[in-house]
Asks: 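Quick one: this structure, given as structure tokens, is what I'll be asking you about.
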Amino acid sequence: MSVVNPFEVAQEQIDACADILILEPNVREILRNPMRELHVSIPVRMDNGVAKLFHGFRVQYNDARGPSKGGIRFHPEETIDTVRALSAWMTWKCALLDLPLGGGKGGIICNPKELSKGELERVSRAYIQAVWQFIGPDIDVPAPDVYTTPEIMSWMMDEYSKIVGKSQFGVITGKPICIGGSAGRGDATARGGMYTVREAANELGIDMSNVTVAIQGYGNAGYHAARLCKELFGSRVVAVSDSKGGIFNSEGLDSEIIYDHKVKTGSVTNLPNAQVISNEDLLELDVDVLIPGALENVITERNAKNIKAKILAELANGPTTPKADETLYENGVHVIPDFLCNAGGVTVSYFEMVQNSYMYNWDEEEVHKRLDEKMKTAYHSVLSTSKKYGINMRKAAYVVAVERVVEAMKCRGWV
Ligand code: GLU
């Protein structure tokens with residue numbers, strides 16, 4: 001995936017935060033390590049009749065504040081260290097949004113693009129057969145992430161329910177609405193991110209109806225971000241990309257036309273009336289708002305100095321390395337750090353858990369209103385902490401989140 005080890009990055013970020021908060025060595029040690037991990041090897045029958053072995057993980061990083069929560073990724077280059085890092089980020093994300101949840105993450109090393117639908121279903125069900133004793137509505141609640149979908153969540157919830165012998169909607173979030181999903185979960189990650197961009201623009205005195213936006217990635221987060229930029233603020237999206245490359249048009253691109261083109265051709269590239277650009281070029285475009293919405297470690301010490309955007313909204317998890325962070329701060333780029341910017345997904349997942357547990361559904365308007373309140377409160381707590389300590393927004397987000405986790409560990413008597 002990349003030469004940078006994401007878990008080392010996550011630990012470096014915790015160390016920096018621990019220095020600011022002057023944490024005791026024993027507290028630091030807990031925060032630097034996952035509490036539990038499960039490694040599974042799962043044989044799955046392929047369509048050709050041969051059973052193939054898949055490797056998967058589930059990591060529960062810290063559950064001081066409540067049951068672990070976090071997605072499951074299907075990725076060919078998945079590693080345990082990536083899952084560890086992501087589970088740490090989930091811990092801080094849930095704490096920052098003040099959700100009564102800890103952090104977890106799962107992953108299976110596989111390429112879903114090379115699996116038939118039947119194979120994908122068998123892999124999903126086999127993963128649950130392997131991890132079901134480790135998860136549960138009060139223990140650890142998975143959700144969608146990179147290359148996993150509501151359909152996959154349905155199979156997983158169904159498999160878990162069959163094993164335990166009762167309907168257990170609350171074991172997983174991001175489900176379709178007809179089987180316990182929440183209104184507003186589909187675009188929650190992007191929508192939550194857009195609410196934080198709106199707050200950042202207000203803070204910087206930027207008129208959102210008059211900005212240009214570039215978005216890296218056109219999956220769930222990237223596509224909805226492109227759509228909502230226009231819908232919520234009337235902003236102009238001038239560039240988008242996916243793993244195959246990017247497109248640019250200074251007049252603006254239409255999110256729905258790109259979406260249809262991607263469904264038809266498998267990629268956003270080669271869209272008529274748009275110039276082809278690389279993923280690297282997209283990041284360095286002269287735009288007001290840059291949204292990395294794909295994978296980790298794309299903004300590094302190599303390209304950070306070339307970032308021209310005023311607001312960097314990290315919809316992806318871990319797109320910026322610590323060295324790059326310093327350069328961005330020196331250059332005055334307003335970074336909305338990942339575990340704040342993309343927290344809308346888990347926030348509506350939490351709403352989904354609440355609705356599942358009292359078996360009553362909220363409408364979309366209610367979800368949007370509650371999401372907006374949560375994102376706005378979290379953004380401003382980070383901003384005020386950043387001003388109070390004179391530190392960048394990521395460090396400030398860490399300070400707010402880690403303080404809350406430490407407080408819970410103290411209350412429980414762990415430290
Ligand atoms: N995968 C999303 C994230 O990284 C959502 C997690 C969840 O809903 O539990 O935040």
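One-based numbering, in listed order, for ligands and for the atoms of each.
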Asks: Report yes or no: do D325 and N392 form a side-chain donor-acceptor pair below 3.5 Å?
Replies: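 Distance-only check fails for D325 and N392.
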Asks: Just by distance, with hydrogens left out, do Q216 and N279 show a side-chain donor and acceptor under 3.5 Å apart?
Replies: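 A donor-acceptor contact under 3.5 Å links the two side chains.
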Asks: Just say parallel, tilted or perpendicular for the rings of H334 and Y379, cut-offs at 30° and 60°.
Replies: tilted
Asks: Return a table of N or O atom pairs, ligand 1 on one side and protein on the other, at distances under 3.5 Å, rounded to 0.1 Å.
Replies:
residue: ligand 1; atom: 1 (N); partner: P144; partner atom: O; Å: 2.9
residue: ligand 1; atom: 1 (N); partner: D145; partner atom: OD2; Å: 2.7
residue: ligand 1; atom: 4 (O); partner: K93; partner atom: NZ; Å: 3.1
residue: ligand 1; atom: 4 (O); partner: K105; partner atom: NZ; Å: 3.0
residue: ligand 1; atom: 4 (O); partner: D145; partner atom: OD2; Å: 3.4
residue: ligand 1; atom: 4 (O); partner: N317; partner atom: ND2; Å: 3.4
residue: ligand 1; atom: 8 (O); partner: R185; partner atom: NH2; Å: 3.1
residue: ligand 1; atom: 8 (O); partner: S349; partner atom: OG; Å: 2.5
residue: ligand 1; atom: 9 (O); partner: K69; partner atom: NZ; Å: 2.7
residue: ligand 1; atom: 10 (O); partner: K93; partner atom: NZ; Å: 2.6

Asks: Mind jotting down which residue pairs meet the ring pair (Phe, Tyr, Trp, His ring centres under 6.0 Å) criterion with at least one end in residues 342-363? Sequence neighbours excluded, please.
Replies: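 Of all non-adjacent pairs touching residues 342-363, those that pass ring pair (Phe, Tyr, Trp, His ring centres under 6.0 Å) are F351-W362.
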Asks: Sequence neighbours excluded, which residues qualify as salt bridge (charged side-chain N to carboxylate O under 4.0 Å, His left out) partners of D47?
Replies: R122
Asks: Would you mind writing out the side-chain donor-acceptor pairs for residues 95-108 within the sub-3.5 Å range, not counting sequence neighbours?
Replies:
residue: D98; atom: OD1; partner: R65; partner atom: NH2; Å: 2.9
residue: K105; atom: NZ; partner: D145; partner atom: OD2; Å: 2.7

